[in-house]
> 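Structure below; questions to follow.
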Amino acid sequence: MMKKVIAVLSIWLTLLMFSFSGAHTTTAQGYTERVFVTGYGELTVIDPAIPKVIASVKVKGPTRDLSFTEDGTKALLLANGRTTLYVIDTLQNKVMDEINLTGRTDQGMLDRRVWGSAISPDGSKAYAFVTQGEKRTNIFKALPSKIIEIDLQTKKVTRDLEAPYGIHAMVFKKNDPHTLFVWGYDLYTLDTKQWQLKEKEGIKKDGSTNVLLLFPRGDNSKFNSFPTVTTYPDGTVKEGMSWTNLETGEVKKKDFDKEPVGMFSAIIDPDERYGYSIMNHWYKVDAKTGHVIKDVKAPTGTIYGINMSTDGKKIYLGGGGNDFIIADTDLNVEKILKTPTDGMDIKVKAIRN
């Protein structure tokens, strides 16, 4: 009898630990997949395997950029009117540090706003593109836009360099902790050893292609992808997507074979066979030809963010409302969850421990 009681208690305790919001279990593949929805005043954490919202990490104001260390155990989040970076412990789902980038100068207040950021693969540094100015008694003096490096242990800016206006996205090159891809009107690389910014490729070579750089990808994938709209010399306007191989730096672009409808974010699959994009329409596209294989309405109205599961078998949608959607790669909805707040973007990360 006692053995049966002990066995029941053991099972009950195991289930209790699993259901606890901070629980972190590792799969047979050696990682735990988590989905992160950047929202209003919080970062929502979802376990897609259950599926269930397991944590709400509270911060100040709307949340923006989100990047991860290589092992996924630490994240960098932008919030508070683009003035504050938060370091997040993704195992405990809590704020580890808060770094406010405003400050004082000899003549007034230093106002910095972040428009793109990334945490280094080892979690020791943060990099951010900032616009900045000095608030004096009766004037505001604009200062050069810069990329800054922040030591996350001391929370101090250790280096900076002037950078072109318009940068919105940063992602580290795969297997290279010293090369940071930087997207703006052109694609640049930042050598964090030599501290040099170099133009790699002109995204807007003829000034005709607009690239929506709001939501960088590549946290689990080897591709970073964006929606594009291109106006050609004959006046033709084409919608499509562009993606960069984060291992080689190769940039590709493909126009869709449909009239433009407006897209907010895009993702390419691990085999580079299909692209997916979302806003009011939801596309599955042949990445080689640009043919729209499937075009369906977004399942819950306007949706901002699209991403893919670590194994490439599921599509995740979120942002633009308080819905989190799981679908298969043929755009069939499998599950819709409600999140605590309206979202902006959706990130997927395999967390190793």
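One-based numbering along the sequence shown.
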> Are the side chains of I293 and V285 in touch, meaning some heavy atoms are under 4.5 Å apart?
no

> Output the distance between atom CG (N175) and atom NZ (K222), rounded to the nearest 0.5 Å.
11.0 Å

> Checking K349 now: which residues fulfil salt bridge (charged side-chain N to carboxylate O under 4.0 Å, His left out) with it, not counting sequence neighbours?
none

> I need the L317 CG to I278 CD1 distance, nearest 0.5 Å.
5.0 Å

> Run the salt bridge (Lys or Arg N to Asp or Glu O under 4.0 Å) test on R34 and D47 for me, step by step, so that the C-alpha distance in whole Å, both residues' side-chain angles and the decisive distance to 0.1 Å come before the verdict.
CA-CA 5 Å; R34 289 288 181 260; D47 183 341; 3.3 Å; yes

> Determine whether the side chains of D151 and T158 contain a donor N or O and an acceptor N or O closer than 3.5 Å.
no

> Using only atom types and a distance under 3.5 Å, with no angle test, would you say the side chain of N220 pairs donor to acceptor with the backbone of V348?
yes

> Parallel, tilted or perpendicular: which fits the ring planes of F181 and W183, with parallel below 30° and perpendicular above 60°?
tilted

> Answer yes or no: is there a donor N or O on one side and an acceptor on the other, between the side chain of S265 and the main chain of I306, under 3.5 Å?
yes

> Measuring from atom CZ of F129 to atom CD1 of I147, what distance do you get when rounded to the nearest 0.5 angstrom?
7.5 Å

> Is the closest side-chain heavy-atom distance between N332 and K294 below 4.5 Å?
yes

> So, are K146 and E162 salt-bridged, with charged N and O less than 4.0 Å apart?
no

> When you measure from the side chain of R112 to the backbone N and O of L101, does any donor-acceptor pair fall under 3.5 Å?
yes

> Can any side-chain N or O of D234 pair as donor or acceptor with the backbone N or O of T236 at less than 3.5 Å?
yes

> Would you confirm whether N307, through its side chain, and I346, through its main-chain N or O, come within 3.5 Å as a donor-acceptor pair?
yes

> When you compare the side chain of L43 with that of V59, does any pair of heavy atoms fall below 4.5 Å?
no

> Is there a side-chain contact between P164 and L197 in this structure, where contact means two heavy atoms from C-beta onward sitting under 4.5 Å apart?
yes

> Which distance, rounded to the nearest 0.5 Å, do you find between the CD of Q132 and the NZ of K141?
11.5 Å

> Taking the side chain from R217 and the backbone from W243, do they hold a donor-acceptor pair closer than 3.5 Å?
no

> Go through the side-chain N and O atoms of T230 and K253 and say whether any donor and acceptor fall under 3.5 Å apart.
yes

> Would you say CD of E70 has more than 12 non-hydrogen atoms from neighbouring residues, nucleotides or ligands within 6.0 angstrom?
no

> Using a distance-only test with no angle check, is there a side-chain donor-acceptor pair under 3.5 angstrom linking N280 and T302?
yes

> Is there side-chain contact between I325 and I303, with heavy atoms separated by less than 4.5 Å?
yes

> Answer whether the closest heavy-atom distance between the side chains of H281 and M263 falls below 4.5 Å.
yes

> Holding to salt bridge (charged side-chain N to carboxylate O under 4.0 Å, His left out), I want the full list of residues that pass it with E334, two or more places apart in sequence or in another chain.
K314

> With a 3.5 Å distance limit and no angle check, can you tell me whether Y86 reaches the backbone of K60 through a side-chain donor-acceptor pair?
yes

> K135: which residues meet the salt bridge (charged side-chain N to carboxylate O under 4.0 Å, His left out) condition with it, sequence neighbours left out?
D111

> Check this for me, if you would: do D323 and K338 make a salt bridge, where the nitrogen-to-carboxylate-oxygen distance has to be below 4.0 angstrom?
yes

> Examine the side chains of E199 and Y188 and answer whether a donor and an acceptor come within less than 3.5 Å of each other.
no

> Any side-chain heavy-atom pair from T289 and D257 closer than 4.5 angstrom?
no

> Decide yes or no for V229 and K238: does some side-chain heavy atom of the first lie under 4.5 Å from some side-chain heavy atom of the second?
no

> Cluster question for you: counting only ILVMFWY and a side-chain heavy-atom cut-off of under 4.5 Å, with indirect links fine, are I119 and M96 together?
yes

> Relative to the ring of F324, is the ring of Y316 parallel (under 30°), tilted (30 to 60°) or perpendicular (over 60°)?
tilted

> Say you draw a straight line from NZ of K198 to CG of L190; how long is it, rounded to the nearest 0.5 Å?
11.0 Å

> Find the distance between OG1 (T102) and CZ (R113) and round it off to the nearest 0.5 Å.
8.0 Å

> Side chain of K347, backbone of L66: donor and acceptor closer than 3.5 Å?
yes

> Would you please classify the geometry between the F215 ring and the F264 ring as parallel, tilted or perpendicular, with 30° and 60° separating the classes?
tilted

> Any donor-acceptor pair under 3.5 Å linking the side chain of D65 with the backbone of S117?
yes

> Assess, by modelled atom type and distance only, whether the side chains of T310 and E33 contain a donor and an acceptor separated by less than 3.5 Å.
yes

> Return yes if some donor-acceptor pair links the side-chain N/O of K174 with the main-chain N/O of S221 below 3.5 Å, else return no.
yes

